Structures are given as C-alpha cells and as structure tokens.
Amino acid sequence: MIKKCLFPAAGYGTRFLPATKAMPKEMLAVVNKPLIQYGVEEALAAGLTEISIVTGRGKRALEDHFDISYELEHQIKGTDKEKYLVGIRKLIDECSFSYTRQTEMKGLGHAILSGRPLIGNEAFAVVLADDLCVNTEGDGVLQQMVELHNYYKCSIVAIQEVPKDQTHKYGIIAGEEIEPGLFRVSNMVEKPKPEDAPTYMAIIGRYILTPDIFEKIEQTGPGKGGEIQITDALMKQATEGNVLAYKFKGQRFDCGGAAGYVEATNFCFEHFYKEL
Ligand code: UTP
C-alpha cells in the first residue's frame, strides 16, 4: 500500500515573477487555497497520509501553512470565520509532514532524488502542485493511479493529449494500449519539437514511482536544459517494461503559467468556493 506522497517544490517559479520572488509558487492561491493544499487534499483522498515536501531557499511559508497558527486560532475561536480553517485543520490532523531541501536546482529528477531520505525503499506518489487536477465526477487523479498501481505494481505516469504545438513543454510518451486509456510505455522524449514527438500524449504532474527510480536517477546525467530529467530516469524503467501511462479521468490546469492559473481560478470559484 502506498502511503507517501512527495511534493517537489524547490523550483524558482520564474514564469510567475515577481509574485514568486519572495513567495513559493506552490503558495499561490487559487481562489482561497494555495496550490499545494489542493495537491495535499488530493493525496489524502487517495489514502496518502505521509506528505514529504522538497523545498528550497525562501520556501518557509510552506512549512508554516501546514502547521497550527495559535494566535490566529485564538483570534477566530468561536466566530463564524472558523469554517475557513476546517479544510487545512483536517490535513494537519490526518497527515504527517516532513521536509528536506534541494540545495541546488538541478531539475525535477534531482528534486525527486533529494526526497529519497524521506521516502526510503517503497513505492510513492509524486505531485507537482502547479498542475491542479480535479475530477468532479468521481475519484481524484491520484486515487485512480493508486488503484492501478495496486494491481500492476509498477511506475505510472498520468498523461493527457496536448495540441501539436505544445509538445516542447512536456515529456511525451509512446506505447502499446493494454487496456482503454492505459499504455505500456516503450518510448519517452523530454520536450520534443512537434516534428520529433512520437505522439501527443504528454506527462503531467502526477506520478507513482517504484523505489528503484532513485538508482535510475543516480545513473542519469543532465539532459534537456542541462537538468536531471525524471523522464530520462523513467525511460530506463520503461525499457524493463515497468512504466505505464494513464489517461486520467478529470481535468488538469497548468497553474505554472498565467492562462492555466486564471482558468483554474474560474473553475474552482464555480465548482468549489460557492459551496463554502
Ligand atoms: P517547473 O518546470 O514548473 O519549474 O518545475 P519552476 O522552476 O517551478 O517554474 P518556472 O518554469 O521557472 O516558472 C516543475 C516542478 O518541479 C519542481 C518545481 O518546484 C515544480 O513543482 N522543481 C523543479 C524542483 O523542485 N526542483 C528543480 O530543480 C526543478
């Protein structure tokens, strides 16, 4: 059973400067909740209660968010404002939070490797909090992936079809469809030009990884952009037949950029906020 969920959150978030100059990108609010809180809620809904966060310099707000603020609690105790803290209190009560730092920003693969001391030798999930995933019609994306992993016991990446001119932003997979929407990955290319892309199926920010990924990352040198790419390490697992790609049910908003962030804000306002 998977219990741990790793959140690589050490990136600089340069696409959101100056907002991210002194504040982590993962703390950007979509309506009234920071991005990372949506991610932790999705993890908890999938039964993942051990939350591990890879942070970097200037990311202290993340730790403070998942902690009790006694002054604030005292201030609003007994008022109708307490309802605003119900969601975050549930996470603090039901999850454990541990942190480690990535001291140099050497890419997502390296960030995941930095989380190894928190994960150990077990399968784990990875959430990139700037990809906000929702499914208003059933289980969350991580829950869907955990169920698949329980059956297939291998690494799983979440994928979605992207427009042809967007392939350069993603890891792109190719593979054989073994059941509807589920592919055994035979090829992966990091950020290809459209003409070099084997398909338009792009990896988004949800993964389940088996622990041998750490050795594979160690054996992986810098790739595209000089960064240690998780896609390159996953390709090593894929050559052993151990990576599935899953077309998840639900929607994903790329909140690492302004357009996706605005779309997510409108969606969450419509679907979630009014229920408060
Ligand atoms: P992004 O590619 O979105 O990079 O990383 P970024 O630095 O956060 O944002 P931009 O492109 O400069 O605007 C994807 C995820 O991987 C994490 C980021 O925090 C983000 O969640 N990451 C990336 C790390 O933790 N460490 C790294 O060295 C790189």
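Just so it is clear, the structure is predicted and the values come from calculations on it, not from any experiment. Atoms within a ligand are numbered from 1 in the order they appear, just like the ligands themselves. Sequential numbering from 1 along the given sequence is applied to the chain's residues.
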Fit a plane to each ring of Tyr38 and Phe272, take the angle between them on a 0 to 90° scale, and name the class: parallel (under 30°), tilted (30 to 60°) or perpendicular (over 60°). tilted

Under a 4.0 Å heavy-atom cut-off, what residues line ligand 1? Pro8, Ala9, Ala10, Gly11, Tyr12, Gly13, Thr14, Arg15, Lys25, Glu26, Gln102, Met105, Lys106, Gly107, Leu108, Ala111, Leu128, Asp130

Salt bridge (Lys or Arg N to Asp or Glu O under 4.0 Å) pairs, two or more places apart, involving residues 248-264: Asp131-Arg252

Are any of the side-chain heavy atoms of Ile112 and Pro8 separated by less than 4.5 Å? yes

Residues passing the side chain to side chain donor-acceptor pair (under 3.5 Å) test with Asp232, sequence neighbours excluded, are none

Please report the C-alpha distance between Phe214 and Phe124 in whole Å, then the side-chain angles of each, then the deciding distance to 0.1 Å, and finally whether the ring pair (Phe, Tyr, Trp, His ring centres under 6.0 Å) criterion is met. CA-CA 11 Å; Phe214 293 125; Phe124 61 104; 5.3 Å; yes

Enumerate the residue pairs fulfilling ring pair (Phe, Tyr, Trp, His ring centres under 6.0 Å) with a member in residues 150-190, sequence neighbours excluded, ordered by first and then second residue. none

